[in-house]
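Since the structure comes first, as structure tokens, the remarks are kept for the end.
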2 protein chains.
Amino acid sequence: MFPTGRLTDTSRCSNVGAVTDEDDGPSGARETRRAKRRRGPADRPSTIRDVAAKAGVSVATVSRTLAGNYPVSTETRERVMAAVNSLHYVVNVHAKALSGRVAGPIALVLRDITGPSLAHVAAGVEEEAGRRGRLSLVCSTKGDPEREDDLVQLMREQHAAAVVLVGGTVIDDAYHRRMAGYAEALDLAGSRLVLCGRPPLPAGVPATVVDYDNRGGAFQATAQLLTAGHRRVLFLGGAPGFSSAEERRLGYQDALRAHGIPLAGELDTSGDYTRGSGYLRTREALRAGLGFTAVFAGSDMVALGALAALREAGVRVPDEVSVVGFDDVPFAADLTPALTTVRVPYEELGRTAVRLALEREVEFASDNHVVLSTQLVIRDSVRPAAG
Amino acid sequence: MFPTGRLTDTSRCSNVGAVTDEDDGPSGARETRRAKRRRGPADRPSTIRDVAAKAGVSVATVSRTLAGNYPVSTETRERVMAAVNSLHYVVNVHAKALSGRVAGPIALVLRDITGPSLAHVAAGVEEEAGRRGRLSLVCSTKGDPEREDDLVQLMREQHAAAVVLVGGTVIDDAYHRRMAGYAEALDLAGSRLVLCGRPPLPAGVPATVVDYDNRGGAFQATAQLLTAGHRRVLFLGGAPGFSSAEERRLGYQDALRAHGIPLAGELDTSGDYTRGSGYLRTREALRAGLGFTAVFAGSDMVALGALAALREAGVRVPDEVSVVGFDDVPFAADLTPALTTVRVPYEELGRTAVRLALEREVEFASDNHVVLSTQLVIRDSVRPAAG
DNA sequence: GGACGTGGAGTAAACGTTTTCTACGAGAGC
DNA sequence: GCTCTCGTAGAAAACGTTTACTCCACGTCC
């Protein structure tokens, strides 16, 4: 890294290029047009020209010394490095990007990084990007499509290697048009749109999609309850039209059908994926006397609310009512009782998004679409149904 | 944003500058040295020269039209905008940064974005950065100081406006030396080092520090227990040497002293801020028969472990033992019982870090140091001591 | 001893913007 | 009718790198 013991290195040099701050270098005949720009010594960050002047070599030599891709004599290298150290020179990434190519950053666009699952996706993206020598830009939209538009534009300007949009949304025509527009625009700029945790786009749209198996996970979760003998399972689903919510609902219905249990409309509810919504809907279901013996919550936060409502009503979990969640957030294991839930490989999702975006030669399948599997994590919140 | 209804706008133009892709613009006498670089039409992202050629104006005019800081005739403006739209032109941020100044990004360096409190700091940083028209770079160190070195170097290259280091660490001489080095190096590059959630550095180091009141919060939390009549309070502290952990320990001791209670070494434990550590230490304390009636956990995660150990031992909370945490993580309110804890203004911390880094003219105080206050949130995990 | 690679260094042309000078035509004021 | 502004536009010089060409000195090989 930059030198901590700054001047010590120069002691190994011969007396050529001794590093005092006023020294302009041994060969003083290199003041072509520099003089007029000269102000104070530490006025602006030092450039490669300053280094060259101080070391008494040409800028080309400095560039090559630092790049290490060209033969440079030992003596010259030492002079250059001494100048670099004493001036605290670092390359200007903008200039570098303008001439030799620089690896573009990975842009991560999400609604709000605070959510536990999104934070894990972000960690996965950051990890994989870092491993590949790229930095990650994180931007939040707060759910505003217009801000999303602006961000895509911005990332195009930034020459981002990929723009990763993560988190479920409501899927409609306007959504498809917007995504197609993003994909085109990014493709034209040599970048790539990656959708993460969302269903695939129509064929022909130049985008990569990494999703996880909402439907299968919901199927497993519901099946776990049904296998335990439960017949009336309250479903606390997500917002209508919301991609992942609809998939989870389908999985729930699949399982019911597979077990030959008729769908009961009154047990199938929709709402936000928030604790409050889970609480209210569960309380309402209890009050209405729907006679359920199990709850499948569409997310762990919703399960949290359900647990609170059940506890408040004096209903014991899992003795009287079983509960299953979705997401496997970190605290799921620490609830009372520890929550049986569906694990989503969020970090893997992020890593895969970056990997696929950057390894485009490897055209996996013809449609740019990958689905990661989910997995039921069995803990203590499910018991066989009474009787 | 970039145009969705692309060619429609050009219909308003006169027939000058009609936009077909092969048209090189009405004034064809501007092929000075372009010809040799010409390959396919959509080979590379289009540049301002492409736009100028297509609109039949000079690059200066295009630049000025887009910047909007110079008089341009309506007809010219329309021609330029038509060309911009049809070519999907976006400015190249590297070139822009190289000439006119571009606002540098805010770099956020943390150990792991997955932790709930760090994610909130990140959200605060991102929000404030976005509000000020800057993007945020997020990098994780995984606790490796060498990687931290590299990141500071990298951010210097990127011309980051500020580098925000967030999260507690163990403070020793090596730490001070490293931070002083970072601060100097960044200052030289016109950037700013911001420490977030850490104690101040020695005077004279060009860095900004935003901390929160660990000691005061711990004092309040402990005092709450003591006021409720508890005399033997088990303290589940953090790792020795860790900045915030030590501060919280001091707050705990302050409160004991203020209530005239002698410090009992066997009740003052150290360990990681993890659930597992809290669980083990609490179980051990129960087994050793230390006779405590209250627990002050140094973090909510630790409190989680303590609750689990107590539950396992059949000790009722809060009836037999009261518990207080620290952090107020989102799920604290959803534990059984809802956890009384100390709220830390994590998002505000992030926002403040960015604000102070960018508004350096406003030299708040002589030392660049701000402490945000913490606040006790009273829930259900504390009861008066029996007898 | 001359032709020839070769290690090591310099010159200058990109890269895509912004911005400072210039330049030019058209009304305005005399 | 002649200068003065004013509105509009172009030419060209930065900005800080990288790299394709040159160039030179020094052995080496016949």
Side-chain angles (χ1 to χ4, degrees), chain A residues 25-27 29-30 32-34 36-38 43-53 55-80 84 87 89-102 156-159 189-190, chain B residues 25-27 29-30 32-38 43-53 55-80 84 87 89-102 156-159 189:
Chain A
S27 136
R30 138 170 7 274
T32 30
R33 57 180 178 182
R34 303 285 337 287
K36 58 180 155 185
R37 265 192 293 102
R38 271 277 166 137
D43 190 347
R44 42 158 180 58
S46 44
T47 73
I48 198 174
R49 276 207 288 261
D50 301 330
V51 174
V57 299
S58 72
V59 293
T61 302
V62 175
S63 177
R64 295 196 272 240
T65 303
L66 292 175
N69 54 6
Y70 200 82
V72 173
S73 76
T74 310
E75 197 221 331
T76 306
R77 163 168 295 112
E78 280 178 355
R79 284 226 308 280
V80 169
V84 163
L87 292 174
Y89 169 77
V90 280
V91 72
N92 179 331
V93 76
H94 296 303
K96 185 172 194 163
L98 208 49
S99 59
R101 221 85 332 195
V102 151
R156 225 145 60 92
E157 294 177 3
Q158 299 282 333
H159 288 212
Chain B
S27 136
R30 125 175 19 271
T32 32
R33 55 181 177 181
R34 302 285 340 285
K36 55 181 154 184
R37 266 190 294 103
R38 269 279 168 136
D43 190 346
R44 43 157 180 60
S46 43
T47 74
I48 199 174
R49 276 207 288 260
D50 301 330
V51 174
V57 298
S58 71
V59 293
T61 302
V62 175
S63 176
R64 295 196 271 240
T65 303
L66 292 176
N69 54 6
Y70 199 82
V72 172
S73 77
T74 310
E75 196 220 331
T76 306
R77 162 168 294 111
E78 279 177 355
R79 285 226 307 279
V80 169
V84 164
L87 292 174
Y89 170 78
V90 281
V91 72
N92 178 331
V93 75
H94 297 302
K96 186 172 192 164
L98 210 47
S99 58
R101 221 86 330 195
V102 151
R156 226 143 60 91
E157 293 177 3
Q158 299 281 334
H159 288 215

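Order of the sequence lines fixes the chain letters, A, B, ..., with proteins taken first and strands second; residue numbering starts at 1 for each chain. Values below: every heavy atom of this structure, side chains too, minus hydrogens, waters and symmetry copies. Everything numeric in this text was worked out from a predicted model, so none of it was measured.
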Revision key, fill the gap. Terminal axes of the helix from C:dG1-D:dC30 to C:dC30-D:dG1 (5 end pairs apiece), angle rounded to 10 degrees, sit apart by 60°
Revision key, fill the gap. Smallest heavy-atom separation, A:Val80 atom then A:Val57 atom, equals CG2-CG2, 4.0 Å
Practice item. Would you name the heavy atoms of B:Tyr89 and B:Thr47 that are closest together and state the gap between them? Key: CE1-C, 3.5 Å
Exercise for review: Starting from C1' on C:dC15, measure out to NE2 on A:His94 and report it in whole angstrom.
Suggested key: 14 Å
Just distance, no hydrogens or angles: give the donor-acceptor pairs under 3.5 Å from side chains in residues 60-74 of chain B, sequence neighbours left out.
residue, atom, partner, partner atom, Å
B:Thr61, OG1, B:Ser58, OG, 3.2
B:Thr65, OG1, B:Thr61, O, 2.6
B:Ser73, OG, B:Thr76, N, 3.3
B:Ser73, OG, B:Thr76, OG1, 2.8

List, with names and distances, any nitrogen or oxygen atoms from the protein found under 3.5 Å away from nitrogen or oxygen atoms belonging to nucleotides 17-25 of chain C.
residue, atom, partner, partner atom, Å
C:dT17, OP1, B:Tyr89, OH, 2.9
C:dT17, OP1, B:Asn92, N, 3.4
C:dT17, OP2, B:Ile48, N, 2.5
C:dT17, O5', B:Tyr89, OH, 3.0
C:dT17, O2, B:Ser99, OG, 3.1
C:dT18, OP2, B:Ser63, OG, 2.5
C:dT18, O4', B:Ser99, OG, 2.9
C:dT20, O4, B:Arg64, NH1, 3.2

Review point. How far apart are the closest heavy atoms of B:Pro45 and A:Ala189, and which atoms are they?
Key: CG-O, 4.4 Å
Do any side-chain atoms of residues 92-102 of chain B form donor-acceptor pairs under 3.5 angstrom with protein atoms, and if so which ones, sequence neighbours left out?
residue, atom, partner, partner atom, Å
B:Asn92, OD1, B:His94, N, 2.8
B:Asn92, OD1, B:Ala95, N, 3.3
B:His94, ND1, A:His94, ND1, 3.1
B:Ser99, OG, B:Ala95, O, 3.4
B:Arg101, NH2, B:Ser99, O, 2.5

**Study point:** Nearest-Å distance for atom pair CZ/C1', residues A:Arg79 and C:dG10
**Key:** 14 Å
Check your understanding: Taking only N and O in the side chain of B:Ser73, is any of them less than 4.0 Å away from OP1 or OP2 of D:dA9?
Key -> yes
